[in-house]
A.B. asks: 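My questions will all concern the structure given below.
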Protein chains: 2
Amino acid sequence: MSPSRRFKDEVFEQFARIGKAVASPKRLELLDILCQGPRTVEVLADQACLSLANASQHLQVLRASRLIEAEKGGLYVTYRLAPGVEGFYLGLRGLAESRLAEVEATTRAFLAARGALEAVDAAEVLRRALSGAVTVLDVRPVEEFQAGHLPNARSVPLAELRARLTELPRDREVVAYCRGPYCVLAIEAVRVLREEGFTALRLDTGPPDWRAAGVALAAGP
Amino acid sequence: MSPSRRFKDEVFEQFARIGKAVASPKRLELLDILCQGPRTVEVLADQACLSLANASQHLQVLRASRLIEAEKGGLYVTYRLAPGVEGFYLGLRGLAESRLAEVEATTRAFLAARGALEAVDAAEVLRRALSGAVTVLDVRPVEEFQAGHLPNARSVPLAELRARLTELPRDREVVAYCRGPYCVLAIEAVRVLREEGFTALRLDTGPPDWRAAGVALAAGP
DNA sequence: TCAGTAATCAATAGATTACTTGATTATACG
DNA sequence: CGTATAATCAAGTAATCTATTGATTACTGA
């Protein structure tokens with residue numbers, strides 16, 4: 001075999017390490033979760049519905065291909081995305097959305113089943129959310145809100161929403177968001193809000209998308 | 001299992017179709033080749049050093065994940081990249097380059113073995129090539145040159161280089177390029193040119209990279 | 001209609017991968 | 001020092017993937 005053939009084989013073998021890392025749905029879900037910020041193994045396993053051992057193994061695969069980094073602090077190991085990986089993941093996701101009709105079909109079917117199909121343009125909802133003309137709700141857990149949120153959003157985790165409805169003005173439209181297009185918190189939040197008589201819309205993007213799009217996010221409480 | 005868990009599983013399963021498609025070094029090499037333009041199965045098999053049947057199977061995997069499209073014309077089937085795939089591939093390659101030290105190590109070792117290690121900055125070489133101050137050689141086969149090339153490049157396929165050296169002015173620096181950073185044609189061309197007394201440099205990017213960077217390419221003869 | 005060529009299909013063996021289970025390591029804390 | 005907890009390791013099985021081989025299909029042109 002020629003030296004240049006061997007060279008190419010070696011180089012593409014390396015490229016394929018990245019490909020193999022993202023060849024598993026569960027590893028992609030782990031990356032998706034890590035786009036929200038660093039997490040411990042336990043939390044990742046829980047959110048992705050994996051056994052602890054299985055999650056640990058997937059995380060080690062991702063780590064071996066350098067897509068994530070681990071940091072040990074006391075009893076816990078915290079994993080975080082490596083630089084450049086968020087953009088790559090969003091690119092992969094976007095390619096799947098644009099090339100694989102099944103993604104949209106599945107999403108539509110799921111939304112339809114909960115009566116959440118919207119006729120409103122996503123960019124328009126984001127514009128309204130940024131304009132200050134509507135009440136913007138971040139329905140993720142508080143820690144995630146604090147790690148980064150839309151400038152004029154207020155944190156009302158889904159679990160607390162019903163109890164805190166009195167905080168919300170009834171004469172303004174509400175826009176709710178969560179982690180991104182495939183997170184279900186905001187869908188549920190909009191359902192609750194409408195049930196209670198609010199005019200509510202879902203913003204079907206999340207902090208990772210906005211960061212990639214260059215939207216300035218706020219942090220802290 | 002909850003409906004939202006099922007929904008997520010289905011969605012990430014779809015995303016993983018893209019991941020699985022790029023989990024094989026040979027499929028990545030096929031995508032790399034297809035970045036240069038549409039090709040028949042035979043040509044792809046030949047360039048990627050695959051048996052015809054094996055190449056066909058890999059192409060069908062890529063096609064099933066919608067990364068490439070096939071068009072049958074007479075006896076030949078021509079495959080081409082689907083929209084958005086070139087950018088995704090370059091993103092994956094870039095991530096591998098930035099995250100996997102082995103890629104650079106392998107490349108450096110290969111270049112060093114042929115005495116082709118350069119101390120010149122890649123962006124600077126491209127600037128010179130675009131400036132018109134140097135002779136720019138496109139050493140790929142003529143068809144590829146015609147499909148798209150740097151504005152002031154001239155086509156001198158590597159196979160013809162020695163025979164056509166008299167066409168080149170000896171008092172100007174020569175910059176040679178080929179398909180991209182992992183194509184070896186330009187490396188060889190620079191070796192030949194230096195052997196013959198020219199001052200020659202290699203431009204280690206190619207048409208796909210320039211398209212992605214927004215450089216206007218010329219087409220035709 | 002028949003021969004020749006491009007491409008695909010089908011079947012297979014060998015390698016790789018995913019998930020489970022039970023054991024083990026490392027750290028914190030009483 | 002011993003116990004509890006987070007995480008990893010190790011081994012085994014089932015499933016999946018890769019490359020090869022030989023057969024088959026689809027089209028061209030004599």
A.B. asks: Throw together a table of side-chain donor-acceptor distances under 3.5 angstrom for residues 177-190 of chain B, partners on residues two or more places apart or in other chains.
C.D. replies:
from: B:Tyr177; atom 1: OH; to: B:Asp138; atom 2: OD2; distance (Å): 2.6
from: B:Tyr177; atom 1: OH; to: B:Leu150; atom 2: N; distance (Å): 3.2
from: B:Arg179; atom 1: NE; to: B:Glu144; atom 2: OE1; distance (Å): 2.9
from: B:Arg179; atom 1: NE; to: B:Glu144; atom 2: OE2; distance (Å): 3.4
from: B:Arg179; atom 1: NH2; to: B:Glu144; atom 2: OE2; distance (Å): 2.9
from: B:Tyr182; atom 1: OH; to: B:Glu97; atom 2: OE2; distance (Å): 2.6
from: B:Glu188; atom 1: OE1; to: B:Arg191; atom 2: NE; distance (Å): 3.4
from: B:Glu188; atom 1: OE2; to: B:Arg191; atom 2: NE; distance (Å): 3.4
from: B:Glu188; atom 1: OE2; to: B:Arg191; atom 2: NH2; distance (Å): 2.6

A.B. asks: Is any side-chain N or O of A:Tyr79 closer than 4.0 Å to OP1 or OP2 of D:dT8?
C.D. replies: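 Yes, such a contact exists.
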A.B. asks: If the cut-off is 4.0 Å, is A:Asn54 near the phosphate of C:dA18, judged by side-chain N/O to OP1 or OP2?
C.D. replies: no
A.B. asks: Is it the case that atom CZ in B:Arg6 sees more than 12 heavy atoms from other parts of the structure closer than 6.0 Å?
C.D. replies: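 For B:Arg6, atom CZ is not crowded (no more than 12 foreign heavy atoms under 6.0 Å).
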A.B. asks: Please determine whether side-chain contact (heavy atoms from CB on, under 4.5 Å) holds for the pair B:Gln47 and B:Arg39, giving the CA-CA distance in whole Å, both sets of side-chain angles, and the decisive distance to 0.1 Å.
C.D. replies: CA-CA 10 Å; B:Gln47 280 197 37; B:Arg39 296 282 184 277; 4.1 Å; yes
A.B. asks: Return the nearest nucleotide to the side chain of A:Val41; candidates are D:dT8, C:dA7, D:dA19.
C.D. replies: D:dT8
A.B. asks: Determine, for A:Glu86 against A:Arg80, whether the closest basic-nitrogen to carboxylate-oxygen distance falls under 4.0 angstrom.
C.D. replies: no
A.B. asks: Starting at atom CZ of B:Arg63, determine the distance to atom P of C:dA7, rounded to an integer number of angstrom.
C.D. replies: 13 Å
A.B. asks: Does A:His58 make a side-chain N or O approach to OP1 or OP2 of C:dT17 shorter than 4.0 Å?
C.D. replies: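 For A:His58, the contact criterion (side-chain N or O under 4.0 Å from OP1 or OP2 of C:dT17) is not met.
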A.B. asks: Atom CG of B:Leu52 to atom C1' of C:dG4: distance rounded to whole Å?
C.D. replies: 15 Å
A.B. asks: Would you mind checking if A:Arg93 and A:Asp209 are paired as a salt bridge, meaning a charged N to carboxylate O distance below 4.0 Å?
C.D. replies: yes
A.B. asks: Please work out if A:Arg27 contacts a base, only the sugar-phosphate, or nothing of the nucleic acid, heavy-atom cut-off 4.0 Å.
C.D. replies: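 If one applies the 4.0 Å heavy-atom cut-off, A:Arg27 turns out to touch the sugar-phosphate alone, with no base involved.
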A.B. asks: Below 4.5 Å, heavy atoms only, C-beta onward: do A:Tyr89 and A:Leu28 meet side chain to side chain?
C.D. replies: yes
A.B. asks: In whole angstrom, what separates B:Glu71's CD from C:dA6's P?
C.D. replies: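 So the CD-P distance, B:Glu71 to C:dA6, works out to 18 Å.
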A.B. asks: For DNA chain D, which residues of residues 7-18 of chain A approach it to below 4.0 angstrom with any heavy atom?
C.D. replies: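 None, since no heavy atom is under 4.0 Å.
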A.B. asks: May I ask you to decide if A:Ala48's main-chain N or O and A:Lys26's side chain share a donor-acceptor pair within less than 3.5 Å?
C.D. replies: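 It does hold such a pair.
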A.B. asks: Return whichever of A:Leu75 or A:Ser56 has its heavy-atom-nearest nucleotide of DNA chain D closer to the 5' end.
C.D. replies: A:Leu75
A.B. asks: Over how many whole Å does the gap from B:Lys20 atom NZ to D:dT16 atom P extend?
C.D. replies: 9 Å
A.B. asks: Heavy-atom nearest nucleotide on DNA chain C for A:Lys72 versus B:Thr78: which residue maps closer to 5'?
C.D. replies: B:Thr78
A.B. asks: Please report the distance, rounded to the nearest Å, between CG in B:Leu44 and C1' in C:dA6.
C.D. replies: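 That distance rounds to 13 Å.
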A.B. asks: May I have the step-by-step check of salt bridge (charged side-chain N to carboxylate O under 4.0 Å, His left out) for B:Arg63 and B:Glu71, ending in yes or no?
C.D. replies: CA-CA 11 Å; B:Arg63 192 184 182 190; B:Glu71 189 187 351; over 6 Å; no
A.B. asks: Please check if the number of heavy atoms outside B:Arg164 that lie under 6.0 Å from its CZ is greater than 12.
C.D. replies: yes
A.B. asks: Of A:Ala23 and A:Gly74, whose closest DNA chain C nucleotide lies nearer the 5' terminus?
C.D. replies: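 Per heavy-atom nearest nucleotide, the more 5' residue is A:Ala23.
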A.B. asks: Below 3.5 Å is the cut-off: list the nitrogen or oxygen pairs between protein and nucleotides 10-13 of chain C, distance only.
C.D. replies:
from: C:dA10; atom 1: N6; to: B:Gln57; atom 2: OE1; distance (Å): 3.4

A.B. asks: Output the single nucleotide from C:dA7, C:dA18, D:dA6 whose closest atom is nearest the side chain of A:Glu42.
C.D. replies: D:dA6
A.B. asks: If you compare every side-chain N and O of A:Ser51 against the phosphate oxygens of C:dC19 (OP1, OP2), does one of them come in below 4.0 Å?
C.D. replies: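 Result: no.
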A.B. asks: How long is the line joining CD of B:Gln60 and C1' of D:dC17, in whole Å?
C.D. replies: 15 Å
A.B. asks: Tell me if a side-chain donor or acceptor on A:Arg99 pairs with a main-chain N or O of B:Arg66 at a distance below 3.5 Å.
C.D. replies: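 Checked: pair present.
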A.B. asks: Once you round it to whole Å, what is the distance between P of D:dT21 and CG of B:Leu50?
C.D. replies: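 Answer to the nearest Å: 14 Å.
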